[in-house]
Amino acid sequence: MITQAPRGVQDWYGEEMQKRAYVEKLARETARSYHMEEIITPIFEHTELFQRGVGTDTDVVQKEMYTFLDKAERSITLKPEGTAGVMRAYLEHAMYAQPAPTKLFYVTPAFRYEKPQKGRLRQHHQFGVELVGSESPLAEIELISFVTDLLGKFGLRDVTLHINSIGCANCRKDYNEALLTYLRGYESELCPTCRERMQKNPLRVLDCKVETCKKIVENAPRTIDYLDDECRGHFEELQGLLKELGIPYEIDTGIVRGLDYYTKTVFEFVNSDGFTLCGGGRYDGLIHELDEKQDIPSVGFGMGIERILYFMDNEGVTFPKAEPVDLYVGILGKEARAKAYALVRNLRQKGLIVETDYMDRSVKAQMKYANKLGARKTVIIGSKELEENRAFVKDMATGEQTISALDEIAELL
């Protein structure tokens, strides 16, 4: 018998499930206040979607994707992130025909083959938002404001917004030449992957996690020094808006994000130990990469739910307790079962949380069980109570008992 799940995955139940449900609830409520609509896309897509959208030179595509051939010999990939699938759905269903912008959010499993660690699993779950159709820095502000509000609702305090601009295709040419010239001076010291990357996409070297490469790129040319007038103006306006809104930030020229589709603004919310809680940015060229007939600007972010939960625990955030059982209905005797359960069902239909006995316990054992459940009140239903249509409802905290007609228990509660 198989008794252990594969490495890098997690079963959700009990207290951890309650915590996750709480985080997702806050995320959905915040999305609703920002007038965002939920979208669900398939867990797997054609591999080409991620190769073209995420980038063939990224770690995600080269090392981390779960890719396989289906029975028709088609290459299929479990989605490693949420954005590419949402953009595919946006195009396939002609959402661009609706008034812009389109604001979509999702909660989705994502799959990456990497070393499992706290807050980072091979099957993890992402909450993300994509805002499609706006070139304005207000689109970035919308999402940065959203994340700021949401992290505050999570109770996370050790977090700072870091921003950078990596420019567009026009100014990237000059920057790539300068970066390539710099990297050639250290080519023999770079890891084999980066030596290959520097010829195809030098910007990817800046995102390498190998310590020797990280040291080398510390003094590399900065993207913000090579921005053209349009990109520089966009970045300056973004900073002005953040200042007016009172959202503190730091310019961090080390941020390039790990996926090829980013342009102009990139941002991360980072804690004091340097861990990223959320990351995103603008990707004006992604839709054009997926459909050459379309050229629609977009901006988005993603955050790992497991990672958020990990840092909430680290900061000692108090989670709300599970809703208590309003009433435990004890059953005395087989002849009372049907009518006692009818009472349970009736109370549940009125919105109360009600439990009863399914194990043929004694009355004493039922009361012990009700106490373990944390039931606020209890009532015992037997033939006498049914005959008289009344019973004693006991307050488990005070021990006080109140007599009530059976059909009036809901009002009593």
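Below, each value reflects all heavy atoms present in this structure, side chains not excepted, and no hydrogens, waters or symmetry copies.
Salt-bridge check for Lys264 with Glu135: failed, with every basic side-chain N at 4.0 Å or more from each acidic carboxylate O. A salt bridge does not link Lys293 with Asp291: none of the charged nitrogens is closer than 4.0 Å to a carboxylate oxygen. Using a 4.0 Å cut-off between charged nitrogen and carboxylate oxygen, Arg88 and Glu45 count as a salt-bridge pair. In this structure, Arg28 pairs ionically with Glu38, as a charged nitrogen and a carboxylate oxygen lie closer than 4.0 Å. Classification of Arg120 and Glu114 as a salt-bridged pair holds, one side-chain N sitting under 4.0 Å from a carboxylate O. Ion pairing of Lys215 with Glu211 is absent here, as no side-chain N (NZ or NE/NH1/NH2) approaches a carboxylate O to less than 4.0 Å. Ion pairing between a basic and an acidic side chain is recognised when a charged N comes within 4.0 Å of a carboxylate O; Glu177 and Lys173 show no such pairing.
Taken from CG in Leu277 to CD in Glu268, the straight-line distance is 10.0 Å, to the nearest 0.5 Å. Annotation: the span from Asn271 atom CG to Arg307 atom CZ amounts to 8.5 Å, rounded to 0.5 Å. The distance from the CG atom of Leu373 to the CG atom of Leu327 is 11.5 Å, given to the nearest 0.5 Å.
Ring centroid separation for the pair Tyr106 and Phe127 does not come in under the 6.0 Å cut-off. Centroid-to-centroid, the aromatic rings of Phe301 and Phe146 come within less than 6.0 Å.
With hydrogens and angles disregarded, a donor-acceptor distance shorter than 3.5 Å links the side chain of Ser33 to the backbone of Thr30. With hydrogens and angles disregarded, a donor-acceptor distance shorter than 3.5 Å links the side chain of Thr47 to the backbone of Ser75. Side-chain atoms of Arg172 come within 3.5 Å of backbone atoms of Ile166 as a donor-acceptor pair (strictly under, hydrogens ignored).
For Thr160 and Glu250, the side-chain atoms include no donor-acceptor pair closer than 3.5 Å. Defined by atom type and a distance below 3.5 Å, a donor-acceptor pair is present between the side-chain atoms of Thr67 and Thr77. A donor and an acceptor atom, one from each side chain of Glu189 and Thr212, are nowhere located under 3.5 Å apart. Checking Gln294 against His288 by side-chain atom types alone, no donor-acceptor pair falls below 3.5 Å. Side-chain atoms of Gln10 and His124 form no donor-acceptor pair, as typed in the model, at a separation below 3.5 Å. Side chain to side chain, Asp149 and Tyr34 meet the donor-acceptor criterion of an N or O pair below 3.5 Å. Counted by atom type alone, Ser272 and Asp158 present one or more donor-acceptor pairs between their side chains at under 3.5 Å.
Between Tyr182 and Tyr186, the ring planes lie tilted relative to each other; the angle falls in the 30° to 60° range. Under the 30°/60° scheme for interplanar angles, the aromatic rings of Phe311 and Phe275 are found to be tilted.
A cation-pi arrangement is present between Arg122 and Tyr113 under the rule of less than 6.0 angstrom and at most 45 degrees off the ring axis.
Environment of CG in Asp70: crowded, with over 12 heavy atoms of neighbouring residues, nucleotides or ligands closer than 6.0 Å.
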